[in-house]
2 protein chains.
Amino acid sequence: MPTEPSYGEGRQSLVDAAIAVVAESGLRNLTYRSVARRAGVSHALVAHHFGSRDSLLVAAVERALERSLDEAPLEDSGGLERWGQALARSVATHPDLHAFQFEMALEARRNPEFQPHVERLYEAYRSATRRALRRHGIDDPAMAQIAFAALDGLVFQQVVLGHESWTRDGVRALRRLLAHVVGV
Amino acid sequence: MPTEPSYGEGRQSLVDAAIAVVAESGLRNLTYRSVARRAGVSHALVAHHFGSRDSLLVAAVERALERSLDEAPLEDSGGLERWGQALARSVATHPDLHAFQFEMALEARRNPEFQPHVERLYEAYRSATRRALRRHGIDDPAMAQIAFAALDGLVFQQVVLGHESWTRDGVRALRRLLAHVVGV
DNA sequence: TCACAATCTATCCATATGGATAGTTTGTCA
DNA sequence: TGACAAACTATCCATATGGATAGATTGTGA
């Protein structure tokens, strides 16, 4: 059950609640009342702070990026295996955050308002992957792209199927593959 | 505008309409009325044929698998590059079918009723990838897994961002990577 | 302390929804 | 041709929703 936020923390609670509700129940069940219930506030506060459901979601995507920056070492990804295993751990400890991001990626397809925000999210992960590869002397954009796609696919499948070990094994296999290109 | 289906085709129209509505507007907008409107029938027919929204979705996933089997050469995937490029083409010509599948994958996470159906879908794609790799003499499950994850990631990004060329480039890079393992 | 703005709640309202119900239409078979 | 079941429509109903509105609460600064 949600504890009621302190006075003035309502807005922030609604943003975090939006991420949780979407991850747990899908975008379908994100209503003014469901998110307010989760945040422990009145549903009219959604309209007050955000004016619309879409604006709430924009704020939630920004928040997800913030939390991702805290969570996975996007800024200091280390080498490929460290980066990949950090992703697996992040998904295992915060599956909802990642599920939310995938939900919003699909939604961005349908609603242009979300596109810049979702692209910023994607770019953060892509950059981290490029950085990780560069640590191994790989500077080929095509290699970075396929490595990122592989990690994206592994993470999506971990979110959907819940097998962290699959991601870890997959990261190892990716590292072995890339080892052929240059010493990884 | 939907043309009304012939008498007796209502059920099938609703199933195909469900895929279209979900892909275009998300699971959130899949209501009895929206899907019926799309199918050109009365909304009461959803309850009549399916009893519930979830049952309609189960039928829709089955239908998606069927259409995927028709669409992409799942049974005869050829080599890796042929399989990968076929996927890119399939996404480009039928983005909605693939978007629907990703939506349902995320939904399966929240609703166990969909899990077996979504896993069957995933397994079809995974098998095709294994088959494609085997054509090149690669029989390592870990390699198959990372190749499938990479394709999954490429396809997801193509659905989300719409760049078919990215998928094609990515497939080429994947083939180059795997060429190091054995001649691809 | 008081005034004010921001935050918040409770409630009302119009509309949309899932689903039930009664009736109509269609196709099949004897 | 008529009976019957399946398919289908139109309509009603109870409930949920987004959003507006009025009032209450809180914090800040003079």
Side-chain angles (χ1 to χ4, degrees), chain A residues 1-63 103-104 107 110-111 113-114, chain B residues 1-63 103-104 107 110-111 113-114:
Chain A
M1 293 309 297
T3 55
E4 300 194 351
S6 317
Y7 189 89
E9 305 288 340
R11 191 183 192 283
Q12 189 63 37
S13 291
L14 283 169
V15 172
D16 287 321
I19 295 173
V21 170
V22 169
E24 285 164 26
S25 316
L27 280 162
R28 163 177 162 77
N29 291 304
L30 184 73
T31 65
Y32 281 24
R33 283 169 169 86
S34 72
V35 70
R37 206 179 304 137
R38 185 58 182 269
V41 300
S42 150
H43 87 263
L45 204 55
V46 181
H48 173 77
H49 280 304
F50 301 102
S52 72
R53 186 176 164 279
D54 281 359
S55 296
L56 168 63
L57 280 173
V58 167
V61 178
E62 297 299 325
R63 175 70 180 136
E103 288 279 352
M104 292 311 302
E107 189 69 7
R110 295 182 291 259
N111 185 340
E113 190 180 357
F114 301 125
Chain B
M1 293 311 296
T3 55
E4 299 195 352
S6 317
Y7 188 86
E9 304 288 340
R11 192 184 191 281
Q12 188 61 36
S13 292
L14 284 169
V15 173
D16 288 320
I19 295 172
V21 170
V22 170
E24 286 165 22
S25 316
L27 279 162
R28 163 179 162 75
N29 291 303
L30 184 72
T31 64
Y32 281 24
R33 284 169 168 85
S34 71
V35 71
R37 208 177 301 131
R38 185 56 182 268
V41 300
S42 152
H43 89 264
L45 205 55
V46 181
H48 172 77
H49 280 305
F50 300 101
S52 72
R53 185 174 164 282
D54 281 359
S55 296
L56 169 63
L57 281 172
V58 166
V61 178
E62 296 300 327
R63 176 67 180 137
E103 291 277 352
M104 290 312 302
E107 188 71 5
R110 294 181 292 257
N111 185 339
E113 189 180 358
F114 300 124

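The chains referred to below are lettered A, B, ... by the order of the sequence lines, with proteins before strands, and numbering in each begins at 1. Note that the structure is predicted; figures quoted are calculated from it, not measured.
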**Q** Of the non-hydrogen atoms in Leu45(B) and Gly10(B), which two are nearest, and what is the gap between them?
**A** CD2-CA, 4.3 Å

**Q** Base, sugar-phosphate, or nothing for Val41(B), non-hydrogen atoms under 4.0 angstrom?
**A** sugar-phosphate

**Q** Could you work out which one of dC12(C), dC8(C), dA20(D) sits closest to the side chain of His49(A)?
**A** dC8(C)

**Q** Counting the atoms with a prime plus P, OP1 and OP2 as sugar-phosphate, which does His48(A) contact under 4.0 Å by heavy atoms, base, sugar-phosphate, or nothing?
**A** base

**Q** So which one's nearest nucleotide on DNA chain C is more toward 5', His43(A) or Ala47(B)?
**A** His43(A)

**Q** Could you check how far CD of Glu9(A) sits from P of dT9(C), rounded to whole Å?
**A** 13 Å

**Q** If you find the nucleotide of DNA chain D closest to Ser52(A) and the one closest to Gly10(B), which residue's nucleotide is nearer the 5' end?
**A** Gly10(B)

**Q** Nearest-Å distance, CG (Leu45(A)) to C1' (dT9(C))?
**A** 9 Å

**Q** Is there a donor-acceptor pair closer than 3.5 Å between any side-chain N or O of Ser6(A) and the backbone N or O of Glu9(A)?
**A** no

**Q** Which is it for Arg11(B) and His48(B) under the side-chain contact (heavy atoms from CB on, under 4.5 Å) test, yes or no, and what are the steps along the way?
**A** CA-CA 9 Å; Arg11(B) 192 184 191 281; His48(B) 172 77; over 6 Å; no

**Q** Rounded to the nearest Å, what distance is computed from the CD atom of residue Glu4(A) to the P atom of nucleotide dT7(C)?
**A** 17 Å

**Q** Please report the closest heavy-atom contact between Ile19(B) and Ala60(B), naming both atoms and the distance.
**A** CD1-O, 3.6 Å

**Q** Quick one: Leu14(A) CG to dT7(C) P, roughly how many Å, whole number?
**A** 12 Å

**Q** Mind calculating the distance between CZ (Arg33(B)) and P (dT17(D)) to the nearest angstrom?
**A** 15 Å

**Q** Taking the side chain from Ser13(A) and the backbone from Ala39(A), do they hold a donor-acceptor pair closer than 3.5 Å?
**A** no

**Q** With a 4.0 Å cutoff (strictly under), does any side-chain N or O of Thr31(A) reach OP1 or OP2 of dT17(D)?
**A** yes

**Q** Atom CD of Gln12(A) to atom C1' of dT7(C): distance rounded to whole Å?
**A** 15 Å

**Q** Rounded to the Å, how far apart are Asn29(B) CG and dG18(D) P?
**A** 12 Å

**Q** What pairs of nitrogen or oxygen atoms, one from the protein and one from nucleotides 24-26 of chain D, lie under 3.5 Å apart?
**A**
from: dT25(D); atom 1: O2; to: Tyr7(A); atom 2: OH; distance (Å): 3.3

**Q** Which part of the nucleic acid, if any, lies within contact of Arg11(B), taking any heavy atom under 4.0 Å across all strands shown: a base, the sugar-phosphate backbone alone, or nothing?
**A** sugar-phosphate

**Q** Round to a whole Å and report the spacing from CZ of Arg28(A) to P of dA16(C).
**A** 17 Å

**Q** Starting at CZ of Arg53(B), measure out to OG1 of Thr31(B) and round the result to the nearest 0.5 Å.
**A** 8.5 Å

**Q** Show your reasoning for whether side-chain contact (heavy atoms from CB on, under 4.5 Å) applies to Phe114(B) and Asp54(B).
**A** CA-CA 8 Å; Phe114(B) 300 124; Asp54(B) 281 359; 3.7 Å; yes

